[in-house]
Amino acid sequence: MVVFPPVADQLAIIRRGVEKIVPEEELATKLEKSRQTGTPLRVKYGIDPTGIDVHLGHTVPLRKLRQFQELGHQAVIIIGNYTALVGDPSGRDQARSKRLTTDEVEANAQDYLAQVGKVIDLSKAEIHRNGDWFAKMSFSDILGLCGRVTVAQLLTRDDFAKRYAAAVPIYLHECLYPVMQAWDSVEIRADIELGGTEQLYSFMLARDLQSMQGLNQQIGVMSPILVGLDGVRRMGKSLGNYIGIGESAYEMMKKFMQLPDAVLPMYFELLTTVPLPDVQAILTGHPKEAKIRLATEVIGFYYGAEAGVEAANRWQNEVSGGALPEEIAEFVVVSGQPNLSATNEMLIGHLLVSSGVCSSSSEAIRKIGEGAVYIIEGGQKVKIEDRKSAVRLVDGLIFGVGKKQIRRVRFADSPVV
RNA sequence: GGCGGAAUUCCCGAGCGGUCAAAGGGGCCAGACUGUAAAUCUGGUGGCUAUGCCUUCACAGGUUCGAAUCCUGUUUCCGCCA
């Protein structure tokens with residue numbers, strides 16, 4: 001029999017960073033009952049294996065799931081291999097176009113689970129594929145299911161309503177999506193379902209279906225949408241404003257430090273376990289320090305505390321301190337290379353183009369004119385201002401355009417053995 | 001099927017037959033500033049063997065000393081009518 005923490009303690013943890021709990025009042029009751037009977041709550045989280053690079057936005061509900069696990073409850077992951085065939089219409093203004101093959105879906109599922117394992121404890125989670133039950137349904141089963149949902153109900157969904165009003169097509173199979181998602185809750189007897197606020201409709205439909213089946217009704221625990229690096233739009237791959245959990249510690253670090261200050265409270269609340277009063281204290285300090293702290297916390301979660309600190313120090317050094325990066329891309333030189341003189345000299349324009357730091361010689365000349373081009377000599381940046389100047393290449397020579405495009409010369413066939 | 005409109009450089013978008021490598025905005029790059037970011041300011045944003053030359057304004061032709069601008073055809077897109 002599992003021993004659970006007091007309900008009030010559990011509630012405090014569960015409520016953190018949650019936008020909406022529906023119905024709120026049932027949660028305490030459920031927790032109380034679970035504690036008395038020593039029965040873990042079944043906490044559902046569903047995803048469609050459509051090929052996702054998990055980023056911090058996805059980790060918001062996943063972290064919540066982990067918290068439930070730590071409290072002793074049962075995590076239930078639904079791999080929506082059948083719902084993926086439809087495509088989630090939530091928040092979209094048009095139907096998804098391509099359909100995935102079953103092989104793709106399964107490969108995506110494996111890939112996804114590997115990533116999710118960084119956030120939750122997979123060894124203690126139940127994993128289901130909703131094709132397990134949908135594949136067995138007969139047409140009359142499906143009709144029966146559809147007979148429980150009215151079109152008017154479906155149209156109360158914000159996304160459908162908008163599309164209908166705007167005369168954007170809504171396909172029949174899309175209407176099935178929330179029904180399928182809700183039916184998953186019936187199949188796995190969910191007590192709680194996690195997701196974003198846009199899932200409200202499906203969560204409530206699940207309650208209806210559960211009640212019709214004589215089951216306990218689930219509670220929806222909905223997280224807010226995490227905004228991306230731009231501080232405005234939701235974090236998403238297509239917007240290019242995300243931090244992926246597969247990225248290296250230092251990559252994450254750099255991205256964290258680019259965050260607008262305004263998102264710090266949200267990020268702390270949703271992505272760390274720093275107690276909220278402490279967060280308040282941190283936020284009254286210098287925004288830069290707060291950001292470093294945030295990054296260190298999050299990176300520490302994925303790579304260990306040490307890696308977090310290390311990334312922070314490296315950032316201070318390289319970006320803040322203006323030191324040269326640890327890793328500099330190499331420009332490999334071979335003898336007989338075009339534009340390379342017998343004495344290993346090269347015109348600066350050619351150097352910039354052939355090393356790839358400039359895309360054309362016109363651009364190279366512009367950048368020289370802008371004073372962005374330099375070589376490192378004796379540890380000092382030396383600006384190159386004459387576009388006709390030639391540079392004598394030696395192994396290890398560092399040159400660059402601006403702060404980001406830096407190269408180190410390496411001779412491929414240098415006599416060094 | 002009929003009528004009308006549109007197609008411009010990464011995106012949006014302006015463009016009088018010569019002064020158009022093409023306004024303006026966005027994005028992006030670089031510089032200054034700074035606490036990272038943002039904001040702000042400045043410069044840049046077709047190519048090259050580079051103060052000149054070459055290739056661009058859907059495609060193919062044509063008119064003209066000269067075409068992104070005019071004409072013809074083609075393709076695509078968008079309205080309206082059937």
Side-chain angles (χ1 to χ4, degrees), chain A residues 56 94 166-168 226-233 235-236 238-243 247 249-268 271 281-299 308-326 329 337-341 345-376 380-390 398-407:
Chain A
L56 292 181
Q94 52 185 305
V168 176
L226 189 74
V227 298
L229 299 178
D230 54 16
V232 181
R233 296 172 299 179
M235 184 175 282
S238 57
L239 296 173
N241 61 352
Y242 69 100
I243 302 179
E247 296 185 47
Y250 189 58
E251 280 168 6
M252 284 190 181
M253 188 72 209
K254 284 194 283 195
K255 288 191 180 180
F256 269 113
M257 296 312 288
Q258 284 176 26
L259 282 172
D261 296 348
V263 305
L264 284 173
M266 182 189 216
Y267 271 56
F268 266 109
L271 300 176
I282 292 169
L283 290 177
T284 54
H286 198 295
K288 182 184 171 187
E289 298 306 321
K291 222 176 279 183
I292 289 174
R293 174 70 190 278
L294 170 72
T296 311
E297 288 283 335
V298 176
I299 294 168
V309 173
E310 195 182 301
N313 289 340
R314 188 174 154 197
W315 183 86
Q316 296 263 41
N317 209 9
E318 290 181 17
V319 179
S320 205
L324 282 171
E326 263 176 38
Q337 172 138 349
N339 303 317
L340 187 65
S341 79
E345 288 195 353
M346 200 185 259
L347 284 173
I348 184 65
H350 289 135
L351 179 63
L352 296 177
V353 175
S354 50
S355 61
V357 294
C358 287
S359 60
S360 69
S361 80
S362 297
E363 187 191 358
I365 285 160
R366 272 183 244 125
K367 290 299 170 223
I368 293 167
E370 288 166 9
V373 177
Y374 57 88
I375 61 173
I376 304 286
Q380 293 292 312
K381 274 190 187 181
V382 179
K383 254 190 213 175
I384 295 184
E385 279 159 338
D386 178 5
R387 66 194 177 89
K388 294 253 172 77
S389 53
I398 293 170
F399 61 96
V401 175
K403 295 185 191 95
K404 290 165 196 161
Q405 294 294 334
I406 305 175
R407 292 293 126 92

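What you see below is based on every heavy atom in this structure, not just the backbone, and it leaves out hydrogens, waters and symmetry mates.
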S.K.: Which residues satisfy the side-chain contact (heavy atoms from CB on, under 4.5 Å) test with A:Arg407, sequence neighbours excluded?
M.R.: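 With sequence neighbours excluded, A:Arg407 shows a side-chain contact (heavy atoms from CB on, under 4.5 Å) to A:Ala329, A:Phe331, A:Ser355, A:Val357, A:Phe399, A:Gln405, given in chain and number order.
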
S.K.: Say we look at B:rC10 and B:rA82: how far apart would their P atoms be, to the nearest angstrom?
M.R.: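 Between the two P atoms, the distance is 41 Å.
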
S.K.: Taking only residues two or more places apart in sequence, or in another chain, which ones meet A:Ser341 in a side-chain hydrogen bond (donor to acceptor under 3.5 Å, both in side chains)?
M.R.: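 For A:Ser341 the side-chain hydrogen bond (donor to acceptor under 3.5 Å, both in side chains) partners, ignoring immediate neighbours, are A:Thr343.
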
S.K.: Say we look at B:rC20 and B:rG35: how far apart would their C1' atoms be, to the nearest angstrom?
M.R.: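 Those two atoms are separated by 45 Å.
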
S.K.: Run the side-chain hydrogen bond (donor to acceptor under 3.5 Å, both in side chains) test against A:Arg387 and tell me which residues pass, sequence neighbours left out.
M.R.: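 Testing A:Arg387 for side-chain hydrogen bond (donor to acceptor under 3.5 Å, both in side chains), a comparison that skips the adjacent residues, returns none.
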
S.K.: Sticking with atom P, work out how far B:rA67 lies from B:rU56, rounded to a whole angstrom.
M.R.: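 Looking at atom P only, B:rA67 and B:rU56 are 12 Å apart.
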
S.K.: Say we look at B:rU8 and B:rC59: how far apart would their P atoms be, to the nearest angstrom?
M.R.: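 Each nucleotide's P atom is 10 Å from the other's.
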
S.K.: For B:rC28, take OP1 and OP2 only and decide whether either is under 4.0 Å from a side-chain N or O of A:Arg366.
M.R.: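 For B:rC28, neither OP1 nor OP2 has a side-chain N or O of A:Arg366 closer than 4.0 Å.
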
S.K.: Got a sec, which residues hit salt bridge (Lys or Arg N to Asp or Glu O under 4.0 Å) with A:Glu310, two or more places apart in sequence or on another chain?
M.R.: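 A:Glu310 satisfies salt bridge (Lys or Arg N to Asp or Glu O under 4.0 Å) with no residue once adjacent residues are dropped.
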
S.K.: What distance, rounded to whole Å, do you find between the two P atoms, one in B:rG46 and one in B:rU9?
M.R.: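 One P to the other, the span is 12 Å.
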
S.K.: Polar pairs (N or O, both sides) under 3.5 Å between protein and nucleotides 21-26 of chain B?
M.R.:
none

S.K.: Minimum heavy-atom separation for A:Val309 and A:Thr296, please, with both atom names.
M.R.: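 A:Val309 and A:Thr296 have their closest heavy atoms at N-CG2, 3.8 Å.
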
S.K.: With sequence neighbours excluded, what pairs up with A:Glu370 under the salt bridge (Lys or Arg N to Asp or Glu O under 4.0 Å) test?
M.R.: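 Testing A:Glu370 for salt bridge (Lys or Arg N to Asp or Glu O under 4.0 Å), a comparison that skips the adjacent residues, returns A:Lys367.
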
S.K.: With sequence neighbours left out, write down each residue that passes side-chain hydrogen bond (donor to acceptor under 3.5 Å, both in side chains) with A:Arg314, or none if nothing qualifies.
M.R.: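 Once residues adjacent in sequence are excluded, the partners of A:Arg314 under the side-chain hydrogen bond (donor to acceptor under 3.5 Å, both in side chains) criterion are A:Glu318.
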
S.K.: What integer distance in Å separates A:Lys288:NZ from B:rU36:P?
M.R.: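 A:Lys288 atom NZ is separated from B:rU36 atom P by 6 Å.
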
S.K.: Nucleotides 49-53 of chain B: which of its N/O atoms have a protein N/O under 3.5 Å away?
M.R.:
from	atom 1	to	atom 2	distance (Å)
B:rU49	OP2	A:Ser361	OG	3.2
B:rA50	O2'	A:Arg387	NH2	3.3
B:rA50	N6	A:Ser361	OG	2.6

S.K.: Can you name the residues that form a side-chain hydrogen bond (donor to acceptor under 3.5 Å, both in side chains) with A:Glu289, not counting sequence neighbours?
M.R.: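 If we apply the side-chain hydrogen bond (donor to acceptor under 3.5 Å, both in side chains) test to A:Glu289, skipping adjacent residues, there are no hits.
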
S.K.: List the residues meeting side-chain contact (heavy atoms from CB on, under 4.5 Å) with A:Asp261, not counting sequence neighbours, and say none if there are none.
M.R.: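 Counting only residues at least two positions away or on another chain, A:Asp261 forms a side-chain contact (heavy atoms from CB on, under 4.5 Å) with A:Pro287, A:Lys291.
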
S.K.: For A:Glu247, check side-chain contact (heavy atoms from CB on, under 4.5 Å) against everything at least two apart and list the hits.
M.R.: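 For A:Glu247 the side-chain contact (heavy atoms from CB on, under 4.5 Å) partners, ignoring immediate neighbours, are A:Tyr242, A:Ile243, A:Glu251, A:Met252, A:Lys255.
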
S.K.: I'd like to compare against my own output: the B/S/- annotation of nucleotides 29-34 of chain B with a strict under-4.0 Å heavy-atom distance to protein.
M.R.: BSS---

